[in-house]
Participant: 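This structure is in structure tokens; I'll ask about it shortly.
Indexing begins at 1, ligand by ligand and atom by atom, following the structure's order.
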Amino acid sequence: MGLISSWLESLDYDYKILPHCSLYQSPRSSCTKCIDKCPENAIEIKDAEPLIDTTKCTQCGNCVAICPVQAVEGFLPKRSIVNKQFIMDSQSVPTIKELLIYYKKGITTLVCDKQELSLSWKNTIEDTNNILGELGEQPFEINNRQELLEDGHVMTRRELFFSWEKDLKKIAKKMTPAKWRFNHESLDLSKYYLDYQFVDISIDTTKCTLCTACEILCEKDVLQIGEKGFSISAQHCSNCSLCQDICPENAITLKQVISRATLVNHQIYSQTCSECHEPFSTLNESQNICVGCKKKKDLLSIK
Ligand code: SF4
Ligand code: SF4
């Protein structure tokens with residue numbers, strides 16, 4: 001979008017953490033991704049809530065790009081895309097997630113702006129290409145800047161004005177502040193790789209008490225507890241770790257593994273408690289005591 005997008009991006013406003021941030025959802029959330037990524041140390045936790053110090057924030061956008069649940073409102077970091085090629089000239093290295101999304105948007109070439117790439121860039125490219133391999137895709141092609149300049153198409157004034165006109169029409173259509181600042185959907189990796197899941201979620205069926213805390217807090221509806229089963233659809237998972245952090249029984253384990261999207265269903269059994277003789281539900285077929293009676297028993301055995 002060129003000049004118009006630069007103008008939009010130059011408008012000033014504060015970056016904001018939205019209420020669906022995992023830390024707002026539960027103080028037990030261990031997510032510190034934006035805090036770790038901020039080069040200015042502008043994000044801190046006060047009274048169990050994350051806050052952006054606007055006197056320190058330089059609006060680099062790193063927090064927007066790194067948040068697994070897209071809970072930071074602001075602009076994405078500025079990236080240079082020329083002729084569908086990503087120029088590796090930005091101060092900050094993009095996240096692997098960003099590169100994977102750019103790839104799906106048809107930007108499959110990275111152009112080296114400098115003589116020598118930083119170690120951080122090299123590691124990001126290597127890790128991204130490894131993931132693309134696991135997703136059955138070709139790796140990013142790497143070109144150097146000189147080739148881009150030689151092959152690059154120089155726009156005539158007529159083409160330039162035509163392109164601005166198109167940009168203006170597109171912007172006018174979408175011009176509500178929340179939308180052009182940040183489109184939450186555009187950063188959701190699961191929408192671009194529908195056949196794959198990036199996380200393996202396992203439930204320890206001997207520990208889970210079917211309390212439903214994970215189901216209630218999961219923003220992505222990955223975990224569904226019904227009458228007959230506990231189903232897990234990891235394809236939508238953002239790997240925010242909230243379910244693992246808040247499970248009171250430590251029954252959930254997340255692993256970053258790429259595999260084909262699979263719907264897993266754990267059967268729920270209806271039993272009668274051997275102590276109180278009340279019916280109860282469990283994932284563990286051999287369990288014959290309800291949660292309440294088991295907790296009472298455990299407490300008595302400690303005393
Ligand atoms: S299932 Fe995935 S998206 Fe849902 S809370 Fe757990 S880690 Fe977050
Ligand atoms: S996995 Fe944990 S949080 Fe989810 S229902 Fe079972 S006990 Fe509750």
Participant: Can you confirm whether more than 12 heavy atoms, excluding those of K294, are under 6.0 Å from its NZ atom?
Facilitator: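 Result for NZ/K294: open.
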Participant: Which protein non-hydrogen atom lies closest to atom 2 (Fe) of ligand 2, naming both residue and atom, and how far is it?
Facilitator: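 Closest protein heavy atom to atom 2 (Fe) of ligand 2: C247 SG, 2.3 Å.
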Participant: Only heavy atoms of L210, strictly under 4.0 Å: list the atoms of ligand 2 that pass.
Facilitator: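 Numbered from 1, ligand 2 contributes 5 (S), 6 (Fe).
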Participant: For L283, is the nearest heavy atom under 4.0 Å from an atom of ligand 2?
Facilitator: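 It does not, in that no heavy atom of L283 comes within the 4.0 Å cut-off of ligand 2.
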Participant: Using distance alone, with no hydrogens and no angle criterion, decide if S286 and N284 have a side-chain donor and acceptor under 3.5 Å apart.
Facilitator: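 Looking only at side-chain atoms, N284 and S286 do form a donor-acceptor pair, the distance falling under 3.5 Å.
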Participant: Report the C-alpha distance between C276 and C290 in whole Å, list the side-chain angles of each, state the deciding distance to 0.1 Å, and finish with yes or no for side chain to side chain contact (heavy atoms under 4.5 Å, CB included).
Facilitator: CA-CA 8 Å; C276 66; C290 72; 3.9 Å; yes
Participant: Using a strict cut-off of less than 4.0 Å between a Lys/Arg side-chain nitrogen and an Asp/Glu carboxylate oxygen, indicate whether E275 and K296 qualify as a salt bridge.
Facilitator: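 A salt bridge is absent here (no side-chain N lies under 4.0 Å from a carboxylate O).
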Participant: Could you pull out, from V291, I252, D204, L217, the option with a heavy atom nearest to atom 1 (S) of ligand 2?
Facilitator: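 The nearest heavy atom belongs to I252.
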Participant: Please report which non-hydrogen protein atom sits nearest to atom 8 (Fe) of ligand 2, along with the residue it belongs to and the distance in Å to one decimal place.
Facilitator: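 Answer, as residue, atom name and distance: C211 SG, 2.3 Å.
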Participant: Starting from atom 4 (Fe) of ligand 2, what is the nearest protein heavy atom, named by residue and atom, and what distance separates them?
Facilitator: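 It is C214 SG, 2.3 Å.
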Participant: Taking both backbone and side-chain atoms into account, decide whether C208 has an N/O/S atom under 2.8 Å from atom 6 (Fe) of ligand 2.
Facilitator: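 Of the N, O and S atoms in C208, at least one lies under 2.8 Å from atom 6 (Fe) of ligand 2, which means yes.
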Participant: Using a strict threshold of under 4.0 Å (side-chain N to carboxylate O), is an ion pair present between K191 and D188?
Facilitator: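 Yes.
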Participant: Would you please test E215 and K220 for salt bridge (charged side-chain N to carboxylate O under 4.0 Å, His left out) and show each step?
Facilitator: CA-CA 9 Å; E215 181 191 32; K220 304 281 179 183; over 6 Å; no
Participant: Give a yes or no on whether K122 atom NZ has more than 12 heavy-atom contacts from other residues, nucleotides or ligands under 6.0 Å away.
Facilitator: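 Yes, NZ of K122 has more than 12 neighbouring heavy atoms, counting only those of other groups under 6.0 Å.
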Participant: Going by the order shown, which atoms of ligand 2 are within less than 4.0 Å of some heavy atom of I225?
Facilitator: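 Answer for ligand 2: 5 (S).
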Participant: For atom 7 (S) of ligand 2, grab the closest protein heavy atom and report residue, atom and distance to one decimal in Å.
Facilitator: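 Of the protein heavy atoms, T209 N, 3.5 Å lies nearest.
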Participant: Could R260 and Y196 be counted as a cation-pi pair, given that NZ or CZ must be under 6.0 Å from the ring centre and within 45° of the axis?
Facilitator: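 Cation-pi check for R260 and Y196: passes.
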Participant: Looking only at the side chains, is there a donor atom on one of T32 and D36 sitting less than 3.5 Å from an acceptor on the other?
Facilitator: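 Checked: T32/D36 side chains pair up, N/O donor to acceptor below 3.5 Å.
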Participant: For ligand 1, which atoms sit closer than 4.0 Å to a heavy atom of S241?
Facilitator: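 In order of numbering, the contacting atoms are 7 (S), 8 (Fe).
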Participant: Using a strict cut-off of 4.0 Å, indicate which atoms of ligand 2 neighbour a heavy atom of E249.
Facilitator: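 So the atoms of ligand 2 that pass are 7 (S).
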Participant: Give me the residue, atom name and distance of the protein heavy atom closest to atom 6 (Fe) of ligand 1.
Facilitator: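 Residue, atom and distance for the closest contact: C243 SG, 2.3 Å.
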Participant: Is the distance between atom 2 (Fe) of ligand 1 and the nearest N/O/S atom of C218 smaller than 2.8 Å?
Facilitator: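 Under 2.8 Å: C218 has no N, O or S contact with atom 2 (Fe) of ligand 1.
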Participant: So among L210, T206, D204, T205, which one has a side-chain contact (heavy atoms from CB on, under 4.5 Å) with C208?
Facilitator: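 Exactly one candidate clears the test, L210.
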Participant: Evaluating non-hydrogen atoms only, which member of N250, I216, I246, T212 is closest to atom 5 (S) of ligand 2?
Facilitator: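 The option holding the nearest heavy atom is T212.
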Participant: Numbering the atoms of ligand 1 from 1, which are under 4.0 Å from a heavy atom of L254?
Facilitator: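 Those qualifying, in numeric order: 7 (S).
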